[in-house]
Colleague: 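Below: one structure in structure tokens.
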Protein chains: 2
Amino acid sequence: MHGRGWWHRRFTNHGIRMTQSREAIIDVLNGADGHLTAAEIYLKAHELNPAVGLTTVYRTLDILTEMGVVYKFEFGEGKARFELTGESTDRDHHHHLVCMKCKRIIDYSDMLGEERAFIEKIQAKLAERYDFEIRDHFLRFNGICGQCRNGSNNINFKED
Amino acid sequence: MHGRGWWHRRFTNHGIRMTQSREAIIDVLNGADGHLTAAEIYLKAHELNPAVGLTTVYRTLDILTEMGVVYKFEFGEGKARFELTGESTDRDHHHHLVCMKCKRIIDYSDMLGEERAFIEKIQAKLAERYDFEIRDHFLRFNGICGQCRNGSNNINFKED
DNA sequence: TTGATAATGAAAATCATTTTCAATAAATAG
DNA sequence: CTATTTATTGAAAATGATTTTCATTATCAA
Ligand SMILES: [Mn+2]
Ligand SMILES: [Mn+2]
Ligand SMILES: [Zn+2]
Ligand SMILES: [Zn+2]
């Protein structure tokens, strides 16, 4: 969606350097379809460039989260998951359904129009009422997926 | 809101025993105003009854979460926070504003009517479209609180 | 090209949560 | 009430994700 120069400028404009490790990490995020743990990102980035270390993955993800370029999610697995925000991909903003049994994560953006209208309205009210500058929001539904419901699912997608 | 016997039955009906430790933990949850970490709950429960151990706090919170009696939240601090659901208190169901700087957590339930209508509608659609039995939902707004915005806030409420 | 310094990776440290295990207490039948 | 079964307990050790430390290196503005 954006050329390499884009990221480079985006970083250096803020006094932050664009390094090879960071580039590898961003490439991984761009190539994946979301919801990656730091360890998973490390694995792929390290494959792209063996010089990349896990520590740097954590540090880079912090920066990107701070920049608003990635979302950091906690789905109750004891580790965080990351995915690019809409800003830097062609994916729509979306929300999640999380299966409490198998931990499967379903993205949905069906209700997007409706949701956005609703969220924006409520957001404006909250901002004023609580003197709060809202940066982003997370909406998540927990439940049991179809496969888990009818027992046809013994495997836990996220090894639990 | 409920007598002691209520909890007792609620547990034993499910083949789960009501122990002194569990009673202390529930008392703490009832007495507090929400958003407690396991460690915080342990401290207070242990004060109530020195026999209570931290392990049991974790185990009990798991059970209560499973039962739908408490919500487990992860606000990005690297540890979970718990609070009773509406079912067992007189507090309304509510959602959260979280300050990304000082980690302050604001409960709001202002929009409750509107929100409930919206959530229920969307929930019905999602359940059908994704064959998903929805149990609960979490809506959270991240941003910067007033005090952090105008610099008048050097302290980090949640020691960070 | 160079100098100041932001960034790095490896290893050690943290810290929340889980597991193990022998001892104990809660429910229930008698 | 007592005995019996077994769920539950707490302490200590283990785990696992994330953070910190620190000496070395790579980035980039000048
Ligand atoms: Mn997603
Ligand atoms: Mn709350
Ligand atoms: Zn499932
Ligand atoms: Zn704040």
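Lettering follows sequence order; numbering is per chain, from 1.
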Colleague: Between Tyr130(B) and Tyr108(A), what is the ring plane arrangement, given parallel below 30°, perpendicular above 60°, and tilted in between?
Modeller: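 Tilted, since the angle between the ring planes falls between 30° and 60°.
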
Colleague: Could you tell me the separation between the CD atom of Glu23(A) and the C1' atom of dA7(C), rounded to a whole number of Å?
Modeller: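 About 15 Å, once rounded to whole Å.
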
Colleague: When rounded to the nearest 0.5 angstrom, what distance separates CD1 in Ile134(A) from CD1 in Ile144(B)?
Modeller: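 Going from CD1 on Ile134(A) over to CD1 on Ile144(B), the span is 11.5 Å.
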
Colleague: Please step through side-chain contact (heavy atoms from CB on, under 4.5 Å) for the pair Lys125(B) and Glu114(A), ending with a clear verdict.
Modeller: CA-CA 12 Å; Lys125(B) 286 193 196 169; Glu114(A) 266 178 285; 2.9 Å; yes

Colleague: If you assign Gly15(B) and Tyr42(B) each to the DNA chain D nucleotide with the nearest heavy atom, which residue ends up on the more 5' nucleotide?
Modeller: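 Taking each residue's closest nucleotide, the earlier one in sequence belongs to Gly15(B).
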
Colleague: Taking protein heavy atoms under 4.0 Å as touching, what does nucleotides 20-26 of chain C look like 5' to 3' if B marks base contact, S marks sugar-phosphate-only contact and - marks none?
Modeller: B----BB

Colleague: Evaluate the side-chain contact (heavy atoms from CB on, under 4.5 Å) criterion for residues Ile26(A) and Met18(A): first the C-alpha distance (whole Å), next the side-chain angles of each, then the deciding distance (0.1 Å), finally the verdict.
Modeller: CA-CA 11 Å; Ile26(A) 290 170; Met18(A) 175 50 84; 4.0 Å; yes

Colleague: Please check if Leu48(B) and Leu84(B) belong to a single hydrophobic cluster, counting links between Ile, Leu, Val, Met, Phe, Trp and Tyr side chain heavy atoms closer than 4.5 Å.
Modeller: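 Hydrophobic grouping puts Leu48(B) with Leu84(B).
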
Colleague: Begin from the C-alpha positions of Arg149(A) and Glu133(B) and carry the test salt bridge (charged side-chain N to carboxylate O under 4.0 Å, His left out) through to its verdict.
Modeller: CA-CA 8 Å; Arg149(A) 201 140 11 92; Glu133(B) 181 191 319; 3.6 Å; yes

Colleague: What integer distance in Å separates Ile25(A):CD1 from dT8(C):C1'?
Modeller: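 Between C1' of dT8(C) and CD1 of Ile25(A): 11 Å.
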
Colleague: Side-chain N or O of Arg22(B) versus OP1/OP2 of dT9(D): is the shortest distance under 4.0 Å?
Modeller: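 Answer yes for this pair, as a side-chain N or O of Arg22(B) is under 4.0 Å from OP1 or OP2.
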
Colleague: Restricting both atoms to N or O, compile the protein contacts to nucleotides 15-17 of chain C shorter than 3.5 Å, with distance only.
Modeller:
{"from": "dT17(C)", "atom 1": "OP1", "to": "Ala80(B)", "atom 2": "N", "distance (Å)": "2.9"}
{"from": "dT17(C)", "atom 1": "OP2", "to": "Tyr58(B)", "atom 2": "OH", "distance (Å)": "2.5"}
{"from": "dT17(C)", "atom 1": "O5'", "to": "Tyr58(B)", "atom 2": "OH", "distance (Å)": "3.4"}

Colleague: Nearest-Å distance, CD1 (Ile63(B)) to P (dA7(D))?
Modeller: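 Taking atom P of dA7(D) as the reference, CD1 of Ile63(B) is at 12 Å.
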
Colleague: Please name the pair of heavy atoms, one in Asn49(A) and one in Ala24(A), separated by the smallest distance, quoted to 0.1 Å.
Modeller: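 That would be CB-CB, 4.4 Å.
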
Colleague: Taking CH2 from Trp7(A) and P from dT27(D), how many angstroms apart are they, rounded to a whole number?
Modeller: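 Value for this atom pair: 18 Å.
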
Colleague: Between His94(B) and His96(B), what is the ring plane arrangement, given parallel below 30°, perpendicular above 60°, and tilted in between?
Modeller: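 His94(B) and His96(B): perpendicular rings.
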
Colleague: Please table the atom pairs, donor to acceptor, closer than 3.5 Å between any side-chain atom in residues 62-76 of chain B and protein atoms at least two apart or in another chain.
Modeller:
{"from": "Thr65(B)", "atom 1": "OG1", "to": "Leu61(B)", "atom 2": "O", "distance (Å)": "2.7"}
{"from": "Tyr71(B)", "atom 1": "OH", "to": "His93(B)", "atom 2": "ND1", "distance (Å)": "3.3"}
{"from": "Glu74(B)", "atom 1": "OE1", "to": "Gly76(A)", "atom 2": "N", "distance (Å)": "3.0"}

Colleague: Whole-Å distance between dT9(D) C1' and His46(B) NE2?
Modeller: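 Roughly 13 Å, once rounded to whole Å.
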
Colleague: CD1 of Ile16(A) versus C1' of dA26(D): gap in Å, rounded?
Modeller: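 The distance from CD1 of Ile16(A) to C1' of dA26(D) comes to 16 Å, rounded to the nearest Å.
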
